[in-house]
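See below for the structure under consideration.
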Amino acid sequence: MENYNISTSEVIEVLGTIAFAISGTFNAMQRKLDPFGVLIIAFVTAIGGGTVRDLLIGDTPVAWMRDMQTCLIVLFTALGTMFFKTHVQKLKITLFLFDSLGLGLFTMVGILKGMAFGLNPGICIALGTITGCFGGIIRDTLLNTIPLVFRREIYATACILGGLLYYLLIEINVESVVAKLAVVAFIFVLRIVAVKFKLSLPKFDY
Amino acid sequence: MENYNISTSEVIEVLGTIAFAISGTFNAMQRKLDPFGVLIIAFVTAIGGGTVRDLLIGDTPVAWMRDMQTCLIVLFTALGTMFFKTHVQKLKITLFLFDSLGLGLFTMVGILKGMAFGLNPGICIALGTITGCFGGIIRDTLLNTIPLVFRREIYATACILGGLLYYLLIEINVESVVAKLAVVAFIFVLRIVAVKFKLSLPKFDY
Amino acid sequence: MENYNISTSEVIEVLGTIAFAISGTFNAMQRKLDPFGVLIIAFVTAIGGGTVRDLLIGDTPVAWMRDMQTCLIVLFTALGTMFFKTHVQKLKITLFLFDSLGLGLFTMVGILKGMAFGLNPGICIALGTITGCFGGIIRDTLLNTIPLVFRREIYATACILGGLLYYLLIEINVESVVAKLAVVAFIFVLRIVAVKFKLSLPKFDY
């Protein structure tokens, strides 16, 4: 973590981890898994994207294994969600907002990590998208459904567009922190707009 | 393998590999896969946990690629199980015992490997649990079912409790070999008790 | 890529990538995924095998992340297939031929990479088989079906037989390039014969 600058966004990354852990917990509880299964799914949702990213670039041990912080955040988030589920379910909109915020942040973190490893811009954007989306993909695969990312309103597309925006902004010399926050905000808002107005890419019919 | 002490448990690890290979073979035959598919599933079940463990900590090439021993054990076990299936099926209880023994051993091996890599105790326990459980998780995912580990009687929970026991034992200065065998025995017995008395964690209902 | 000789087969490897990208695109369109989902599936099919291979041997960042070539090939192939689908669908036999050619080539590339890493022959054949088959396995798992490789006419078996042939040929001092082309041709022809005459390994019945 120390060799690329995420200090300004670390707080929001933690929020993203929390949001994804909550989303995973709900998914698993709806499938009536036992509490351990719920914890596994919460964990996979929250750390899956970063794990795939670290494996692909060879930055091992993967991030969540280096200290207990991530594990403890997911553990307490999932336990809290299980105990207070009725209360939290009413916060559905809040959850969606956190999920979208997490998507934006994780995408940004992935792009920065790719850049720190000297990868090509196109690859960095792919890495950001992977960081944002793969937690959900692994979760859905384990739960035996076609990953929602393949069906849902603009989701991964938002990550890609956000990544393109980031390179555009730094190309025109926008300050680094501003560019990062703008990308997070862009992905966040695009997701909200897409869901609110049911925007989606066209599907194929035969 | 040579940089952490598993010499005392290597024989039992081989037994664990055999047990998981047999369990994978039966699973695949019940799904009427062709013999190659059966071999793949037997292989995945027996080496999946260790592979995920080695990938996460970056110990590559992963263990089974370093020599032919593991591959040959799985190959001959799976072929033997396919040819003598009627006979082996009557050994269902023996299989279950081997599976539980393998679970205990693989969990212990994973914990020791994590310690050899200087990881945090909590992470080592997670790594042990991954080593014990992920073979079955990958097998079930490939076979298109929700992994049994998410539904079954106390399974991964046994690995976690066994891991906690190990740190407790070395904390109170129990001799290393004794502590390891105690953990393997604990997980082994806990699985048997859980299945015999149908112990499980409560599920969620809505 | 530069530390093992694939210069003679690089052109055909690109063709294999194209063929797998096309096959993935068709699979995803038949499942009515949105265009982004189609791109993901095309990408996973074309690079999945090589990615798993590179992860297992620890050759990271994995091959497709080192430059944009592979990504661009997959992108343009998938977009082209989406736009000209009616035309390409009539080329079904051509696709099958490319898929089989890709299988042969990717298997050969995987074997050579394993040899360059000093791995045991049996492991190299496994690595070649993984390189050839895992793109399809990951694709089918994401699309929530039992991977076709577990059900279909001789598929991975062709990779293994091709790998054995390669070691036989270099054992009797056949020139390297000739041996490689012979293996690719062998796998290619075996697949065609297997599909034409519906050859398959026997399944298990109870």
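Here is the naming used below: chain letters follow the sequence lines, and residue numbers restart at 1 for every chain.
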Could you list all the ring-ring contact (aromatic ring centres under 6.0 Å, His included) pairs where at least one residue sits in residues 156-178 of chain B, not counting sequence neighbours? none
How would you list all residue pairs meeting side-chain hydrogen bond (donor to acceptor under 3.5 Å, both in side chains) that involve residues 35-52 of chain B, not counting sequence neighbours? B/T51-B/W64
Identify the heavy atoms of A/L55 and B/L55 that sit nearest to each other, and give their distance. CD2-O, 3.3 Å
Looking only at heavy atoms, what is the nearest atom pair of A/M65 and B/L119, with distance? O-CD2, 3.8 Å
Examine whether an atom of B/I138 lies under 4.5 Å from a heavy atom of chain A, and if so say whether it belongs to the side chain, the backbone or both; otherwise answer neither. neither
So OG1 of A/T60 and CG of B/D54: to nearest 0.5 Å the spacing works out to 10.5 Å
Atom CZ in A/R66, atom CG in B/N120: separation rounded to 0.5 Å? 13.5 Å
